[in-house]
Number of protein chains: 2
Amino acid sequence: MTTRTATQQREHARVAYDAYLATCPARQLLDRISDKWVSLLLTALADGPQRYSSLSRTIAGVSQKMLTQTLRTLERDGLVSRSVTPTVPVRVDYALTPLGVSLLPVMQAIKDWAETHIEQVTVARDTYDKRSTSPG
Amino acid sequence: MTTRTATQQREHARVAYDAYLATCPARQLLDRISDKWVSLLLTALADGPQRYSSLSRTIAGVSQKMLTQTLRTLERDGLVSRSVTPTVPVRVDYALTPLGVSLLPVMQAIKDWAETHIEQVTVARDTYDKRSTSPG
DNA sequence: CGGCATCCCTAAAGATACTG
DNA sequence: CAGTATCTTTAGGGATGCCG
């Protein structure tokens with residue numbers, strides 16, 4: 001088992017886990033990373049470690065509760081590391097782990113897609129709503 | 001305005017919209033596509049149009065309510081098209097629009113990442129929980 | 001500064017029943 | 001088959017207050 005190559009391991013995972021199955025652990029993970037705070041947090045950490053207060057400023061509108069909660073979850077899942085500098089007052093830095101870095105391109109792609117396609121979506125919504133209102 | 005190239009338009013969008021801002025439309029769109037049903041639905045339509053019943057079978061555990069609701073939203077946002085064949089009983093097919101196709105690679109990447117990295121995440125969780133329990 | 005604990009409330013999601 | 005309507009439950013998330 002320990003002699004599997006990275007490619008073999010990837011193949012193994014592809015066969016063993018299926019996010020379409022409700023009870024599959026991969027489904028739960030998909031659910032967890034399909035979260036706006038996750039994508040915003042990971043992309044915010046793209047350029048290097050950030051302090052808690054810096055993150056809360058970057059990600060406008062995030063409550064302290066959601067920020068802490070999301071950071072804890074990401075830390076537990078091994079995507080983000082937390083390092084405390086015991087000064088007074090205390091300084092806490094968050095950074096991406098290698099696992100977090102592996103997810104980063106995808107998260108950036110989502111954020112990018114949203115920013116570059118919102119105008120098309122807005123047009124589509126107007127068209128859809130107009131169709132529904134006047135059934136001409 | 002109408003003479004802008006696709007590249008120029010992309011540049012424009014990148015500058016104009018910022019998902020980090022809570023009130024930005026791109027943030028709402030990011031929130032909307034950061035949804036497990038959206039990723040599962042779009043990837044399910046990757047290989048071509050599918051009927052409603054087929055989708056509900058593919059995506060195990062989805063309720064009619066969530067399936068219909070998500071499909072409606074995606075249709076309104078211009079990511080999915082809905083075509084009705086007025087037979088008895090009626091037949092409804094869903095397919096990706098060009099806009100939906102543009103998002104597909106990202107959604108597939110998320111689903112893939114979840115399936116190929118769940119084992120690493122599980123290990124990370126065990127490590128984290130063990131650390132918390134026995135403070136070595 | 002960087003949290004955690006608690007209360008509270010709304011919106012999202014599941015279950016169930018019914019329909020063109 | 002492909003939904004809609006209604007009800008109930010759950011979980012997301014904001015506000016506040018306290019602490020090392």
Side-chain angles (χ1 to χ4, degrees), chain A residues 19 21-23 27-41 44-45 49-77 80-95 128 131-132 135, chain B residues 22-23 27-41 44-45 49-77 80-95 128-129 131-133 135:
Chain A
L21 304 177
T23 55
R27 170 74 156 267
Q28 263 84 50
L29 181 57
L30 178 65
D31 191 16
R32 188 160 281 195
I33 62 179
S34 294
D35 177 59
K36 65 174 170 183
W37 300 130
V38 169
S39 55
L40 290 171
L41 257 176
L45 292 173
Q50 293 229 26
R51 299 183 62 169
Y52 182 90
S53 50
S54 171
L55 286 171
S56 73
R57 256 176 278 116
T58 301
I59 304 168
V62 68
S63 67
Q64 176 200 56
K65 176 181 173 178
M66 290 319 296
L67 183 56
T68 303
Q69 186 175 297
T70 307
L71 282 168
R72 281 296 163 284
T73 304
L74 290 176
E75 190 194 357
R76 189 169 103 97
D77 288 355
V80 158
S81 65
R82 177 176 181 269
S83 57
V84 181
T85 311
T87 50
V88 180
V90 70
R91 175 199 173 104
V92 180
D93 285 275
Y94 291 92
Y128 183 92
R131 251 202 312 142
S132 303
Chain B
T23 55
R27 170 72 156 268
Q28 263 84 49
L29 182 57
L30 177 65
D31 191 15
R32 188 160 282 193
I33 62 179
S34 294
D35 177 59
K36 65 173 169 182
W37 300 130
V38 169
S39 55
L40 290 171
L41 216 35
L45 292 172
Q50 291 229 28
R51 300 182 63 168
Y52 182 89
S53 52
S54 172
L55 286 171
S56 73
R57 256 176 278 115
T58 301
I59 304 168
V62 68
S63 64
Q64 300 121 318
K65 178 181 173 179
M66 289 318 296
L67 183 55
T68 302
Q69 186 175 299
T70 308
L71 282 169
R72 282 295 166 290
T73 304
L74 290 176
E75 189 194 356
R76 189 169 103 97
D77 288 354
V80 158
S81 66
R82 176 176 181 269
S83 57
V84 181
T85 310
T87 50
V88 180
V90 69
R91 176 199 172 104
V92 179
D93 285 274
Y94 291 92
Y128 183 91
D129 292 346
R131 250 199 314 139
S132 303
T133 310

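Atom set for the values below is all heavy atoms of this structure, side chains included, hydrogens, waters and symmetry mates excluded. Labels below follow one simple rule: chain letters A, B, ... track the order of the sequence lines, proteins then strands, and each chain is numbered from 1.
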Below the 4.0 Å mark, does C:dG2 have OP1 or OP2 next to a side-chain nitrogen or oxygen of A:Arg51?
yes
Nearest-angstrom distance from the residue atom NZ of A:Lys65 to C1' of D:dG17:
14 Å
May I have the distance from A:Leu67 (atom CG) to C:dC1 (atom C1'), rounded to whole angstrom?
13 Å
Hey, does the side chain of A:Thr87 come within less than 4.0 Å of C:dC1's phosphate (OP1/OP2), counting only N and O?
no
Interatomic distance where CD1 belongs to B:Ile59 and C1' belongs to C:dA13 [whole Å]:
15 Å
Starting at CG of B:Leu71 and ending at P of D:dC1, how long is that distance when rounded to a whole Å?
16 Å
Nearest-nucleotide 5' precedence on DNA chain C, A:Arg82 against B:Val90
A:Arg82
Quick one: which of C:dG3, C:dC1, C:dG2 gets closest to the side chain of A:Pro89?
C:dC1
If the cut-off is 4.0 Å, is A:Ser53 near the phosphate of C:dC1, judged by side-chain N/O to OP1 or OP2?
no
Just verifying a value: how many Å separate B:Leu41 CG and B:Leu67 CG, rounded to the nearest 0.5 Å?
6.0 Å
B:Ser34 side chain to B:Asp31 backbone, donor-acceptor under 3.5 Å
no
Return the CG to CG distance between A:Leu30 and A:Asp35, rounded to the nearest 0.5 Å.
11.5 Å
Does B:Arg91 have a side-chain nitrogen or oxygen under 4.0 Å from the phosphate oxygens OP1 or OP2 of D:dA2?
no
What is the distance from atom CZ of B:Arg82 to atom CG of B:Leu74, rounded to the nearest 0.5 Å?
13.5 Å
Closest to the side chain of A:Met66, out of D:dG13, D:dG3, C:dG14, is D:dG13
Residue A:Ser63, side-chain atoms from C-beta onward, closest of D:dG14, C:dG2, D:dG13
D:dG14
Protein-nucleotide distance (A:Arg72, atom CZ; C:dA5, atom C1'), rounded to Å
14 Å
Within the side chain of B:Arg32, is there an N or O that forms a donor-acceptor pair under 3.5 Å with the backbone of B:Thr73?
no
Judged by each residue's nearest nucleotide on DNA chain D, which is more toward the 5′ side, B:Asp93 or A:Val62?
B:Asp93
Check every strand shown and say whether A:Gln64 touches a base, only sugar-phosphate, or nothing at a heavy-atom separation below 4.0 Å.
base
Integer-rounded Å distance: D:dG3 P and B:Gln69 CD:
14 Å
Between C:dG14, C:dC4, D:dG3, which nucleotide gets closest to the side-chain atoms of B:Tyr94?
D:dG3
Under-4.0 Å side-chain N/O to phosphate OP1/OP2 contact, B:Tyr52 with D:dT4
no
